[in-house]
Asks: 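What follows is a structure written as structure tokens; I'll ask about it next.
Remember, it's a predicted structure, so these values are computed and weren't measured experimentally.
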Amino acid sequence: MDFTGKTVVVIGGTSGINRGIALAFARAGARLAVASRSQDKVNDTVAELRAAGAQEALGASFDVRDAEAVAAGLQGFRDRLGEFDVLVSGAAGNFPALTAEMSINAFKTVIDIDLMGTVHVMKGAYPHLKRPGASIINISAPQSWLPYEGQAHVCAAKAGVDQITRTLSLEWGPEGIRVNSVVPGFIEGTEGAKRLAPSPEAEKSFKKDVPLGRWGQPQDVANACLFLGSDMASYVSGTVLSVDGALYQRGSGRAGQMIGQMLRAMPKPG
Ligand code: HXC
Ligand code: NAP
């Protein structure tokens, strides 16, 4: 895969899976822009992207809940790097919590980051996408179609993300813009996996469920993004691609239940 001369923007690209995606495009020679809330994380990532071989690398700090800040940040990337060939939208927040026990604001926080954040990124990026040829990749989750106890907020938000993917593939397809979602499996060492499997026992138990016999690595997800971002995928749009070692063929399985059991066993305040 050679992305020399291509501009790749990764929103939420400063840690975990999304940082792995940005690094893969950097190694393939792209011009990179990353964004997240923490300027320190942005600076650290930009340095790593340059060292990995990015033709250029820069970043900005903003919160995806702030539509105006997102639009301004994306305009800045366009001014410095040109039109976007690939846009990865992956900023997300998640915590396990039972619906009856979480506040309205807790539920709304995840909707605002994962779902409205995606809307802000799509709308902010739209004027800057290369036509024809741009590839948008929304980072989704199995919660978009599988119910998990303690995850109603993420389930609702990511279902919305995948419907945005499908709908925009129709609306923007005639302009030569492709839109797809990628669903990572349980990806080792990431914040998302730690939050849902917080003990070594839970980790071990979930790992046993993966038909391919191992947890995923950020590079596994990055490989799918390299494909979707390339001309090899020039006729692929509107799809939701799981990169999960076949884990989700089992439904939400043990994880879907264990999160609920873990939360019910926790001491209640007061
Ligand atoms: C119940 C909680 C809570 C918890 C926060 N809240 N954590 N409620 N249980 N564990 C409530 C707060 O009390 C508050 O409600 C509201 O949520 C907002 O909390 P803040 O801390 O003010 O929010 P903020 O500072 O904006 O931080 C957002 C965050 C945080 C989502 C809460 O965790 C974060 O920044 N996360 C980013 C990193 C992350 O989550 N990575 C994992 C992505 S994995 P009140 O009512 O008190 O005001 C993923 C899916 C993975 O997305 C799938 C794997 C299979
Ligand atoms: P992570 O390391 O916590 O990454 C989240 C990224 O988003 C960080 O760069 C974070 O940086 C940024 N971010 C969070 N809230 C933001 C906000 N409000 N505005 C702007 N940026 C924000 O998480 P991860 O586990 O690697 O997950 C990455 C993606 O994969 C997410 O979309 C997640 O839903 C999906 N996923 C993960 C797994 C898994 O196994 N980990 C499984 C399925 C799906 P800042 O803190 O600096 O803002």
Asks: Can you sort out the partners of Phe186 under ring pair (Phe, Tyr, Trp, His ring centres under 6.0 Å), two or more places apart, ordered by chain and number?
Replies: Phe206, Trp215

Asks: Give a yes or no on whether Met232 and Val182 share a hydrophobic cluster (residues Ile, Leu, Val, Met, Phe, Trp, Tyr; joining criterion: side-chain heavy atoms under 4.5 Å apart).
Replies: yes

Asks: Could you tell me the separation between the NZ atom of Lys204 and the CG atom of Asp209, rounded to the nearest 0.5 Å?
Replies: 13.5 Å

Asks: Is Ile164 close to Leu115 at the side-chain level, that is, under 4.5 Å between some pair of heavy atoms?
Replies: yes

Asks: Looking at residues at least two apart in the chain, or sitting in another chain, which of them share a ring pair (Phe, Tyr, Trp, His ring centres under 6.0 Å) with Phe84?
Replies: His128

Asks: How long is the gap from CG on Leu87 to OG1 on Thr7, to the nearest 0.5 Å?
Replies: 11.5 Å

Asks: Can you classify the ring geometry of His153 versus Phe95 as parallel (below 30°), tilted (30 to 60°) or perpendicular (above 60°)?
Replies: perpendicular

Asks: Is the backbone of Val179 close enough, under 3.5 Å, to the side chain of Ser237 for a donor and an acceptor to pair up by distance?
Replies: yes

Asks: For side chain to side chain contact (heavy atoms under 4.5 Å, CB included), just list the numbers for Val236 and Thr239, CA-CA rounded to whole Å, side-chain angles, deciding distance to a tenth of an Å, and then say yes or no.
Replies: CA-CA 7 Å; Val236 182; Thr239 198; 3.6 Å; yes

Asks: So which heavy atom on Asn94 is nearest to which on Gln143, and how close?
Replies: ND2-NE2, 4.4 Å

Asks: Which value, rounded to the nearest 0.5 Å, describes the distance between Met122 atom CE and Asn138 atom CG?
Replies: 4.0 Å

Asks: Flag the pair Val243 / Pro184 as yes when at least one side-chain heavy-atom distance between them is below 4.5 Å, and no otherwise.
Replies: no

Asks: Find the distance between CD (Glu101) and CE (Met266) and round it off to the nearest 0.5 Å.
Replies: 8.5 Å

Asks: Is any side-chain heavy atom of Pro218 closer than 4.5 Å to one of Ile187?
Replies: yes

Asks: Search all heavy atoms of Ser252 against all heavy atoms of Leu146 and return the closest pair with its distance.
Replies: N-CD1, 3.7 Å

Asks: With the threshold set at 4.0 Å, does a side-chain nitrogen-carboxylate oxygen contact exist between Glu56 and Arg50?
Replies: no

Asks: Hey, any chance Leu226 and Val240 share a hydrophobic cluster, counting ILVMFWY side chains that come within less than 4.5 Å of each other, even indirectly?
Replies: no

Asks: Determine, using the 4.5 Å side-chain heavy-atom cutoff (strictly less than), whether Leu196 and Trp145 are members of one ILVMFWY cluster.
Replies: yes

Asks: Output all residues satisfying salt bridge (charged side-chain N to carboxylate O under 4.0 Å, His left out) with Arg264, sequence neighbours left out; order by chain, then residue number.
Replies: Glu149

Asks: Go through it in stages, so that I can follow the logic: the residues are Gln261 and Ile259, the test is side chain to side chain contact (heavy atoms under 4.5 Å, CB included), and I'd like the CA-CA distance, side-chain angles, deciding distance and then a yes or no.
Replies: CA-CA 5 Å; Gln261 285 162 0; Ile259 300 162; over 6 Å; no

Asks: Pair Gln75, Arg78 - check side chain to side chain donor-acceptor pair (under 3.5 Å), show working.
Replies: CA-CA 5 Å; Gln75 179 69 56; Arg78 162 73 180 274; over 6 Å; no

Asks: Donor-acceptor check, side chain of Ser135 to backbone of Leu228, threshold 3.5 angstrom: yes or no?
Replies: yes

Asks: Just by modelled atom types, is the Glu201 backbone N or O under 3.5 Å from a matching donor or acceptor in the Ser205 side chain?
Replies: no

Asks: Quick check: closest heavy atoms across Ala67 and His120, and the distance to 0.1 Å?
Replies: CB-CD2, 3.5 Å

Asks: Are Ile137 and Ile113 connected, step by step, through hydrophobic side chains (Ile, Leu, Val, Met, Phe, Trp, Tyr) whose heavy atoms are closer than 4.5 Å?
Replies: no

Asks: Which salt bridge (charged side-chain N to carboxylate O under 4.0 Å, His left out) pairs, counting each pair once, include a residue from residues 114-124, with sequence neighbours left out?
Replies: none

Asks: Can you confirm whether Leu32 sits close enough to Val46 that some side-chain heavy atom of one is under 4.5 Å from a side-chain heavy atom of the other?
Replies: no

Asks: Which of parallel (below 30°), tilted (30 to 60°) and perpendicular (above 60°) describes Phe25 and Phe3?
Replies: perpendicular

Asks: Test salt bridge (charged side-chain N to carboxylate O under 4.0 Å, His left out) on Lys207 and Glu188; report intermediate values, then the result.
Replies: CA-CA 10 Å; Lys207 206 174 286 186; Glu188 193 154 29; 3.5 Å; yes

Asks: So, taking the atom named CD1 in Ile104 and the one named CD1 in Ile111, what distance separates them when rounded to the nearest 0.5 Å?
Replies: 11.0 Å

Asks: What closest approach, in Å, do Gly5 and Arg31 show between heavy atoms, and which atom pair accounts for it?
Replies: O-NH2, 3.0 Å

Asks: Does the side chain of Ile11 come within less than 4.5 Å of Val64's, by heavy atoms?
Replies: yes

Asks: So which pairs with a foot in residues 171-181 pass side chain to side chain donor-acceptor pair (under 3.5 Å), sequence neighbours left out?
Replies: Tyr126-Glu175, Arg131-Glu175, Asp162-Ser181, Thr165-Ser181

Asks: Checking Lys158 side chain against Ile139 main chain: does a donor-acceptor pair fall under 3.5 Å?
Replies: yes

Asks: For Arg214, is there an ion pair with Asp220 - N to carboxylate O distance below 4.0 angstrom?
Replies: yes

Asks: With a 4.5 Å cut-off on side-chain heavy atoms, are Pro96 and Tyr148 touching?
Replies: no

Asks: Test your reading of the model: is there a side-chain donor-acceptor pair from Asp112 to the backbone of Met116, 3.5 Å cut-off?
Replies: no

Asks: Could you grab the distance from atom OG of Ser230 to atom CG of Asp85, nearest 0.5 Å is fine?
Replies: 12.0 Å

Asks: For a salt bridge (charged side-chain N to carboxylate O under 4.0 Å, His left out) check, start with the C-alpha distance between Arg19 and Asp44, then their side-chain angles and the critical distance, and finish with the verdict.
Replies: CA-CA 11 Å; Arg19 183 162 168 156; Asp44 185 62; 2.9 Å; yes

Asks: Does Asp2 reach the main-chain N or O of Thr4 with its side chain, forming a donor-acceptor pair under 3.5 Å?
Replies: yes

Asks: Does atom CG of Asp231 have more than 12 heavy-atom neighbours from other groups under 6.0 Å away?
Replies: no

Asks: Provide the closest heavy-atom pair for Ala24 versus Ala222 in the form atom of the first, atom of the second, distance.
Replies: CB-CB, 3.6 Å

Asks: Going by the rule side chain to side chain contact (heavy atoms under 4.5 Å, CB included), which residues pair with Ser15 if we only count those two or more places apart in sequence or in a different chain?
Replies: Lys41

Asks: Under a 4.5 Å side-chain heavy-atom rule over Ile, Leu, Val, Met, Phe, Trp and Tyr, are Val221 and Leu23 clustered together?
Replies: yes

Asks: Heavy atoms only: give me the nearest Val183-Ser140 pair and the separation to one decimal.
Replies: CG2-CB, 3.9 Å

